[in-house]
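Step one of this worksheet: look at the structure below.
Starting from 1, each residue takes its place in the sequence as its number.
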Amino acid sequence: MRIGVLGTGNMANALATHWVRAGHDVAVGGRDMHKAERLATHLGGSAKPVSLHAAAEFGQVVLAALPFGAGTSVVRELRAAMDGKVLIDCSNPVGPGFRLLTRSGLSAAQQLAAAAPGTHVVKAFNLCHEDVWRMSPPIFDGRRLAVPVCGDDETALALVHQLVRHVGCEPVAGGSLERAGLLEATAALFIGLWIGEGADAQAIAPPLAYAAGPRDEEPQTTDKAFR
């Protein structure tokens, strides 16, 4: 698969490393060619440094590894080069105080879709720190990390599911692109718990077997605190 990467930062590095190892052809696009060359050299394999426009033209799939706020303007500039292509958004619109910056409007992913209406935008890879994505693979307590994926086009979703697996993770259907805002809000909540409170975000949800409550055969217990 040909993958164009928009950006030369930590997320571009972490994800593209796996994709180069999996045998994909990767073009690293940046405004600063020195940074693009440095990342491409680090990635090795088939990775090559190019301009942002050339990366957008090259990729069947394009990763927007750009900060929220910068992504929309870059994608708008490149929309003609990405027409009909898959565009992955991994950004998190989270501001000071772990505040969701899009709470009164479109999600970050929907803003990219509006900026480049000919693309098939897919939201993925936004719930973890870049160093988690560098793990090979991300496995915790014997279980591979699950990655929610939101999008509207079935072909685009299938390609992104493949790329999730090549990072060593398990893709999870997250619904339509309209639900991307829920992923971004989840990231804001989790970051606030992890960093702001030092809390284990995993502990807020029961295992899948208990998602609808205790099974009938198990004894019910009542805590006085909930009476």
Side-chain angles (χ1 to χ4, degrees), residues 3-7 9-12 14-16 18-19 56 59-79 82-95 97-130 132-133 138 145-167 169-194 201-202 204-205:
I3 303 172
V5 177
L6 307 180
N10 290 329
M11 285 296 289
L15 294 173
H18 292 283
W19 296 335
Q60 298 163 276
V61 175
V62 179
L63 171 69
L66 301 164
F68 175 68
T72 302
S73 59
V74 171
V75 166
R76 184 177 292 111
E77 291 175 15
L78 303 174
R79 64 186 182 277
M82 293 189 295
D83 190 56
K85 298 183 178 184
V86 181
L87 178 62
I88 302 175
D89 173 38
C90 63
S91 69
N92 275 324
V94 181
F98 314 110
R99 181 169 55 91
L100 190 64
L101 300 177
T102 58
R103 58 184 177 178
S104 60
L106 296 175
S107 68
Q110 288 174 309
Q111 290 181 35
L112 291 190
T119 62
H120 304 296
V121 177
V122 176
K123 187 78 182 188
F125 302 113
N126 75 303
L127 291 183
C128 296
H129 188 273
E130 60 263 16
V132 172
W133 302 122
L145 183 69
V147 179
V149 179
C150 292
D152 295 328
D153 183 84
E154 290 301 321
T155 301
L157 288 169
L159 290 173
V160 176
H161 281 207
Q162 181 182 347
L163 293 178
V164 168
R165 292 189 180 97
H166 288 171
V167 175
C169 301
E170 290 295 330
V172 175
S176 68
L177 191 66
E178 185 178 19
R179 292 173 62 84
L182 299 180
L183 278 185
E184 295 168 9
T186 299
L189 173 64
F190 280 11
I191 293 168
L193 289 173
W194 286 324
Q202 277 195 322
I204 68 176

**Message:** For F125 versus V147, what's the shortest heavy-atom pair and its separation?
**Reply:** N-CG1, 3.9 Å
**Complete:** Between G174 and C150 the two heavy atoms that sit nearest each other are O-SG, 3.4 Å
**Asked** So do the side chains of T119 and V75 get within less than 4.5 Å of each other, counting heavy atoms only?
**Response** no
**Request:** Go through the structure and list residues passing side-chain contact (heavy atoms from CB on, under 4.5 Å) with V62, not counting sequence neighbours.
**Result:** L6, M82, L87
**Message:** Rounded at 0.5 Å granularity, tell me how far CD1 in I204 sits from CG in L193.
**Reply:** 6.0 Å
**Fill in**
Correct closest heavy-atom pair for V164 and P171 would be CG1-N, 3.6 Å
**Request:** Applying side-chain contact (heavy atoms from CB on, under 4.5 Å), name anything that partners A146, two or more places apart in sequence or on another chain.
**Result:** V172
**Prompt:** Mind checking what makes side chain to side chain donor-acceptor pair (under 3.5 Å) contact with S91, not counting sequence neighbours?
**Reply:** D89
**Fill in**
So salt bridge (charged side-chain N to carboxylate O under 4.0 Å, His left out) across residues 60-79, not counting sequence neighbours, yields R31-E77
**Request:** Sorted by first residue and then second, give each salt bridge (charged side-chain N to carboxylate O under 4.0 Å, His left out) pair with at least one member in residues 146-166; sequence neighbours left out.
**Result:** none
**Item:** Partners passing side-chain contact (heavy atoms from CB on, under 4.5 Å) against P148 (at least two apart in sequence or in another chain)
**Value:** L127, L183
**Prompt:** Does Q111 have any side chain to side chain donor-acceptor pair (under 3.5 Å) partners at least two apart in sequence or in another chain, and if so, which?
**Reply:** none
**Asked** Can you name the side chain to side chain donor-acceptor pair (under 3.5 Å) partners of E130, sequence neighbours left out?
**Response** N10
**Item:** side chain to side chain donor-acceptor pair (under 3.5 Å) partners of H161, counting only residues at least two apart
**Value:** none
**Fill in**
Shortest non-hydrogen pair, V121 vs A109, comes out as CG1-O, 3.7 Å
**Prompt:** Say you draw a straight line from CG of L177 to CG of L157; how long is it, rounded to the nearest 0.5 Å?
**Reply:** 9.5 Å
**Prompt:** Looking at SG of C128 and CG of N92, how far apart are the two atoms once the value is rounded to the nearest 0.5 Å?
**Reply:** 10.0 Å
**Complete:** Scanning both residues in full, the closest heavy-atom pair of V149 with A124 reads CG2-CB, 4.2 Å
**Request:** Under the ring-ring contact (aromatic ring centres under 6.0 Å, His included) rule, collect the residues that match up with F98, sequence neighbours excluded.
**Result:** none
**Request:** Would you check if F190 and V94 make a side-chain contact, meaning some heavy-atom pair closer than 4.5 Å?
**Result:** no
**Request:** Hey, could you give me each pair passing ring-ring contact (aromatic ring centres under 6.0 Å, His included) that has a residue in residues 102-122? Not counting sequence neighbours.
**Result:** none
**Message:** With rounding to the nearest 0.5 angstrom, report the CG to CG distance, L189 to L182.
**Reply:** 12.0 Å
**Asked** Can you name the nearest heavy-atom pair linking P138 to C169, along with the distance?
**Response** CG-SG, 3.7 Å
**Message:** As an exercise, state the distance from CZ of F68 to CG of L100, rounded to the nearest 0.5 Å.
**Reply:** 8.5 Å
**Asked** What residue pairs, at least two apart or across chains, pass side chain to side chain donor-acceptor pair (under 3.5 Å) with a residue in residues 173-187?
**Response** K123-E184
**Prompt:** Is any side-chain heavy atom of V122 closer than 4.5 Å to a side-chain heavy atom of V61?
**Reply:** no
**Message:** Would you say that C90 contacts L63 through its side chain, given a criterion of any heavy-atom pair below 4.5 Å between the two side chains?
**Reply:** yes
**Prompt:** Under a 4.5 Å cut-off applied to non-hydrogen side-chain atoms, are W19 and V167 in contact?
**Reply:** yes
